Amino acid sequence: MVSGNIMVLAEHTGKQVSEGSYELLGKARELAAALGCQAEVALFGPRDLAAQLGGADVVVSVDHPALSEYLPEAYEQALMAVLADRNPRLILMSNATVGLDLGAALSVRWQAPLAAYVTSLTAEPAAVVATAQILGGKVLAEVELGGERGIATVVGGAFPAAAGQGDGSCAVVEFAAPAGLEALRMSLQQVLEPQEGDVDITAADVLVSVGRGIDGRDNLEVVQELADALGVPLSASRPVVDAGWLPKSRQVGKSGLKVKPKAYLMFGISGAPEHLEGMRSAELIIACNTDAGAPIFDVAHYGTTVDLFDLIPALAERVKH
Amino acid sequence: MPVRIVVPVKAVPDLVEEIELTPDETDIDREFLKFVLNEWDAQALEEALLVKDATGAEVVVVGLHEDPDIDQALYTAIAKGADSAVKISGGEGSTRTSDRAAVFAGYLSAEPADLVLTGVQAADDLDGQLPPMLAAHLGLPHVSVVVGVQANGNAVTIRQEFAGGRSHELEVSLPAVVGVQAARQAPRYAPISRIRQAMQAGGLREVDASPGTTGPSLTVRRMYRPEAAGHAEMLTGNADEVAAKIADLLRGRGLMKG
Ligand SMILES: Cc1cc2nc3c(=O)[nH]c(=O)nc-3n(C[C@H](O)[C@H](O)[C@H](O)COP(=O)(O)OP(=O)(O)OC[C@H]3O[C@@H](n4cnc5c(N)ncnc54)[C@H](O)[C@@H]3O)c2cc1C
């Protein structure tokens, strides 16, 4: 049977379907309407979460203890079984951990082309056309997912979540757990919650944020001076945190925190999509980057290519006096 | 027997460079670009070396023959402490992950690894990421977005990261493929003298791999640079003048005392 529907792989916390899944579902509904098919959701884990998926036409539910928390191998097994049965024409996943695990594996196992880092999707008669961000957001690629099946992993925040939220009721198809779930080669040992930080960067009105352009732990001192003069906390891009120069609680972005300050001052941050996910809704974004072609300048309200090592001390002086 | 860790690596365009497109605008023009080691591969190599430091694992770094400046990347890995390096031919210089995964899978079928550690993604990935594709070809379990790998006998304990700093600790039995997001410490530095030494000693092993079947791929219609529609208003002048303008912007919004 070729159902040819648009499917979304749902993500959830066990109690709540994630915001990102509604973003995908909203887009799935739009594509399904254009193509004359249905929007369906693959829901793994607690079946009662289907009640939160009123925006879908169909929810295909696989409920099994191995699926109560996300576990890559268990999800992949369940998804392969569901895909073989439902045969959607397109499956949408987050371009975050779940999609980074499963999308490319499915491309090989389910034999479907994958478009990753997707920020836009439109239905044409012969193909779904996706736009993908590559090279840290410096280039966009328009690609065709023709053929009978395709996979897209979608960047968080690309589509509005509201379009996927609906109070309607949907048909729930209960799907038997595949036998493979009893013989997994990996197991979940523990769930680690994020450590509480010394400051809550999500509560600050203004953030001074630094990236790899700071080029060394010792150089943080000048930025700290500026932050102190403004009386605001320092935040950072991921490489600064990975290097151990600032704690994880200061990381802005996809795998860090989402912030929405009144002003976000950024120094030496290129504007990679994963960073933008965490700060693009700041009210005022001012970016300092010596590369005039840095993607951050497409998002920032104000920009400058002055060297951060010249600008920061000058700005600190202005603020102090 | 020590655990054999294989680290596939890729050379990617240096993002600091201006990126040009090919005349037909369906790819980037790689001819005049500067290439660097994919930053997540550098993290994977570091994590592999940390596992080696802790357990005496063997670390083999592998690159594709057609990748620009791949020798430099492989010798640098040796200088950092990798036990050996392999240069695989048999691919056709494709930058598509689906093609590269088939070549690496061909190599790994001939010379299997207990653990494959490689970057969670590469900046020029378009049709997916290497770790899951490779694992799917080889029929191995895989986990991506991993920070920290601990080897213990026939299994590894790893931490997989999610949004907001949540993470899962997983135990995965070997052989397995892990997509590394970040090593437990910043990648170590290899002094130029040691890289030179490695180059003089030579010793990149060249292996001809027969690629497995490539998965389906995409049709690229066009590539383009993001429209400058929403471009920032640029503040010009010297550091002091720009600082004054920024201070005014903040003051105007009541975000600065004084
Ligand atoms: C699964 C996943 C999750 C991720 N999550 C996050 C996340 O939560 N947050 C995050 O930030 N990243 C995240 N990343 C990483 C992201 O892809 C980028 O690698 C990262 O954001 C780049 O950080 P950066 O801009 O500081 O560094 P780079 O991209 O290296 O940019 C440094 C910039 O500094 C500029 N510069 C250099 N010197 C100077 C100078 N003297 N003055 C002014 N400018 C200068 C350069 O022109 C360059 O643009 C994630 C990646 C993955 C794969």
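Just the heavy atoms: all of them, side chains too, but no hydrogens, waters or symmetry mates, feed the values below. Computed from a predicted model, the values in this text were never measured in an experiment. Quick note on labels: first sequence line is chain A, next is B, and so on, each numbered from 1.
Counting heavy-atom pairs closer than 4.5 Å to chain B, the top residue among A:L106, A:L188, A:V306 is A:L188. Comparing A:G256, A:A287, A:A243, A:A316 by how many heavy-atom pairs each has under 4.5 Å with chain B, the most go to A:G256. Contacts with chain B were tallied for A:V139, A:V98, A:L135; A:L135 has the most, counting heavy-atom pairs under 4.5 Å. With chain B as the partner, the residue from A:G253, A:A127, A:A96, A:A112 showing the most heavy-atom pairs under 4.5 Å is A:A112.
Both the backbone and the side chain of B:V220 come within contact range of chain A, judged by heavy atoms closer than 4.5 Å. When heavy atoms are compared at a cutoff of 4.5 Å, B:L134 does not approach chain A at all. For B:V145, the part lying under 4.5 angstrom from a heavy atom of chain A is the side chain only. Residue B:E20: no heavy atom, backbone or side chain, is found under 4.5 Å from chain A. Looking at A:Y302, the atoms closer than 4.5 Å to chain B (heavy atoms on both sides) sit in the backbone and in the side chain alike. At a 4.5 Å heavy-atom cutoff, the contact between A:L145 and chain B is made by side-chain atoms alone. Neither the backbone nor the side chain of B:E25 has a heavy atom closer than 4.5 Å to any heavy atom of chain A. Both the backbone and the side chain of B:A247 come within contact range of chain A, with heavy atoms under 4.5 Å apart. Residue B:R159 touches chain A through its side chain alone, counting heavy-atom pairs closer than 4.5 Å. In this structure, chain A has a heavy atom under 4.5 Å from the side chain of B:V147, while its backbone stays farther away.
The closest side-chain heavy-atom distance from A:T131 to B:Y224 is below 4.5 Å.
Of all the heavy atoms in B:P132 and A:A105, the pair that sits closest is CB-N, 3.5 Å. Pairing each heavy atom of B:L218 with each of A:L114, the nearest pair is CD1-O, 3.2 Å. Considering all non-hydrogen atoms of both residues, A:A314 and B:A239 come closest at CB-O, 4.0 Å.
In this structure, the side chain of B:S173 engages the main chain of A:R185 through a donor-acceptor pair within 3.5 Å. Side-chain N or O atoms of A:D101 include one that pairs as donor or acceptor with a backbone N or O of B:S144 at under 3.5 Å. Under the 3.5 Å distance criterion, the side-chain polar atoms of A:K138 are left unmatched by any main-chain donor or acceptor of B:P226.
Atom CG of A:D310 is separated from atom CG of B:D240 by 10.5 Å, given to the nearest 0.5 angstrom. Separation of atoms CD (A:E142) and OG1 (B:T26) is listed at 12.0 Å; rounding is to 0.5 Å. The OG1 atom of A:T97 sits 10.5 Å away from the CZ atom of B:R166 when rounded to the nearest 0.5 Å. The line from CG of B:L255 to CG of A:L284 is 7.5 Å long, rounded to the nearest 0.5 Å. Summarising the geometry, atom CG belonging to A:L71 is positioned 9.0 Å from atom NE2 belonging to B:H168; distances are rounded to the nearest 0.5 Å.
Around CG of B:D24, the count of heavy atoms belonging to other residues, nucleotides or ligands within 6.0 Å exceeds 12.
For the pair A:E124 and B:R221, the salt-bridge criterion is met [side-chain N within less than 4.0 Å of a carboxylate O]. Taking 4.0 Å as the cut-off between side-chain N and carboxylate O, A:R238 and B:E161 count as a salt-bridged pair.
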